[in-house]
Amino acid sequence: MTERPDRLPLDRAFFHRPVLDVAPDLLGRTLVRRTPEGPVEVRLTEVEAYAGPADPGSHAYRGRTPRNAVMFGPPGHAYVYFTYGMWHCLNLVCGPEGTASGVLLRAGEVIRGVELARRHRPTARNDHELAKGPARLATALDVDRSLNGADACDGPEAPLGILTGTPVPPSRIRQGPRTGVGGAGATQPWRFWIDGDRSVSPYRAHTPRRRGRAAGRTELDSAGRDA
DNA sequence: ATTTGGATACTCT
DNA sequence: GAGTATCCAAATA
């Protein structure tokens, strides 16, 4: 069987670099999810970098916990977390082991296994919304915490893999603030996406959730909007 | 087209 | 107990 050049697996050295180098380099790559039902593949179109314990936006901020332990391990592995009571999100660990940095896979275009992805996400209105958003991407690929720690560089039979795909030239890459990240972590423009791609998720500023019904103050600030 | 509020359960303080 | 690297339906315009 002949391997096309765009279907060669990326080796671990790809991830063994600073996260800000890896994140934009992941755009255009092919993420493979192999399920018992068959494969689903996405072309990555949007990612975010999280830079370890020094990054206020990162789960690794304030050090290692049971949840984020995988981020402190070797690069090329999946860090899957559960959020908002319903959703999973998929990251790939980057950098030298112990730096606890990773890339959140925020969106992609399903290029293989569309029918299977639709079954995982029956509410998607059209194909370019199947993986438009990090939880949608995880759902379309049937990713949950059973894949936390899975090695994406473990060969052609592994449940998760990453292939060369078609790297995106810098001129087609845009960057801006990370979605949903507040406080000091909001200042870094560490979200990267492919300019104009339909599967890129809309930017949403950080919105603190107010619990209960007593919302004391009306003095909420208006979110600054850039032109 | 854009904004709002609800659902949901896990993680760490 | 409070906050969350979200999504969806419903309401507004």
Side-chain angles (χ1 to χ4, degrees), chain A residues 19-20 22-23 26 31 44-72 78-94 100-108 117-118 120-126 128-149 175-193 198-218 220-227:
Chain A
V19 64
L20 292 180
V22 176
L26 276 170
L31 177 71
L44 296 174
T45 58
E46 181 190 357
V47 300
E48 278 175 2
Y50 288 86
D55 175 5
S58 173
H59 286 176
Y61 191 54
R62 296 190 198 91
R64 179 179 181 141
T65 67
R67 177 175 66 156
N68 66 23
V70 169
M71 293 190 90
F72 289 80
Y79 166 48
V80 181
Y81 66 87
F82 184 69
T83 191
Y84 291 104
M86 292 179 241
W87 310 110
H88 297 276
C89 293
L90 170 62
N91 303 253
L92 294 174
V93 178
C94 301
S101 54
V103 177
L104 171 66
L105 308 183
R106 287 197 56 88
R118 279 187 165 285
H120 294 146
R121 262 184 49 69
T123 60
R125 308 163 89 238
N126 51 55
H128 67 265
E129 284 188 0
L130 278 171
K132 183 178 187 167
R136 289 167 169 183
L137 184 148
T139 304
L141 270 57
D142 192 29
V143 167
D144 62 19
R145 274 173 301 178
S146 68
L147 286 175
N148 190 36
Q175 70 179 291
R178 293 177 294 189
T179 301
V181 175
T187 58
Q188 311 288 13
W190 288 348
R191 171 176 175 248
F192 302 88
W193 67 93
R198 286 182 311 174
S199 68
V200 173
S201 66
Y203 174 71
R204 290 203 168 278
H206 178 69
T207 55
R209 285 290 164 215
R210 204 160 277 220
R211 195 180 169 77
R213 51 221 133 193
R217 307 206 175 259
T218 52
L220 295 173
D221 58 326
S222 58
R225 209 169 288 175
D226 57 343

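Computed over heavy atoms, backbone and side chain alike; hydrogens, waters and symmetry mates excluded. Reminder, nothing fancy here: chain letters follow the sequence lines and each chain counts from 1.
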Just how far, in rounded Å, is [atom2] of [N] from [atom1] of [X]?
X         : N       : atom1 : atom2 : value
Arg191(A) : dA5(C)  : CZ    : C1'   : 12 Å
Arg67(A)  : dT13(B) : CZ    : P     : 10 Å
Trp87(A)  : dA5(C)  : CH2   : P     : 16 Å
Arg125(A) : dC8(C)  : CZ    : P     : 10 Å
Arg64(A)  : dT11(B) : CZ    : P     : 15 Å
Tyr81(A)  : dG3(C)  : OH    : P     : 18 Å
His88(A)  : dC7(C)  : NE2   : C1'   : 14 Å
Arg178(A) : dT6(C)  : CZ    : P     : 12 Å

For dT2(B), the Watson-Crick or wobble counterpart (both distances under 3.5 Å):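 Across all strands, the one nucleotide that pairs with dT2(B) is dA11(C).
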Pairing nucleotide - dA5(C), Watson-Crick or G-U, each distance under 3.5 Å: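 Pair assignment: dA5(C) / none.
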Sub-4.5 Å side-chain heavy-atom contact between [X] and [Y]:
X         : Y         : result
Met71(A)  : Tyr79(A)  : yes
Arg191(A) : Thr179(A) : yes
Pro53(A)  : Phe72(A)  : yes

Sugar-phosphate only, base, or nothing, as touched by Gly180(A) at under 4.0 Å among non-hydrogen atoms: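 Sugar-phosphate contact only - Gly180(A) comes under 4.0 Å of backbone atoms but never of a base.
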Below 4.0 Å: OP1/OP2 of [N] and any side-chain N or O of [X]:
X         : N      : result
His206(A) : dT4(C) : yes
Arg106(A) : dT6(C) : yes
Arg136(A) : dC8(C) : yes
Thr123(A) : dC8(C) : yes

Nearest-0.5 Å distance that lies between atom CG in Leu104(A) and atom CG in Leu92(A):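 Between atom CG of Leu104(A) and atom CG of Leu92(A) there are 9.5 Å.
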Distance, nearest 0.5 Å, that separates CD of Gln188(A) from CG of Leu20(A):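 Here the rounded value is 8.5 Å.
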From [options], pick the nucleotide closest to the side chain of [X]?
X         : options                  : value
Arg121(A) : dT6(C), dC8(C), dA5(C)   : dC8(C)
Met86(A)  : dA5(C), dT11(B), dA7(B)  : dA7(B)
Thr65(A)  : dT6(C), dA5(C), dC12(B)  : dC12(B)
Arg62(A)  : dC10(B), dA5(C), dT13(B) : dT13(B)
Thr207(A) : dT8(B), dA5(C), dT6(C)   : dT6(C)

No-H, no-angle donor-acceptor pair, Tyr84(A) side chain to dA7(B) base, under 3.5 Å: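 It does not, because no donor-acceptor pair links the side chain of Tyr84(A) to the base of dA7(B) below 3.5 Å.
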Pair His59(A) and Tyr81(A), ring centroids less than 6.0 Å apart: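 Yes, ring centres under 6.0 Å apart.
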Phe82(A) aromatic ring stacked with six-membered ring of dA9(B), 5.5 Å and 30°: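 Given the distance and angle limits, no, they do not stack.
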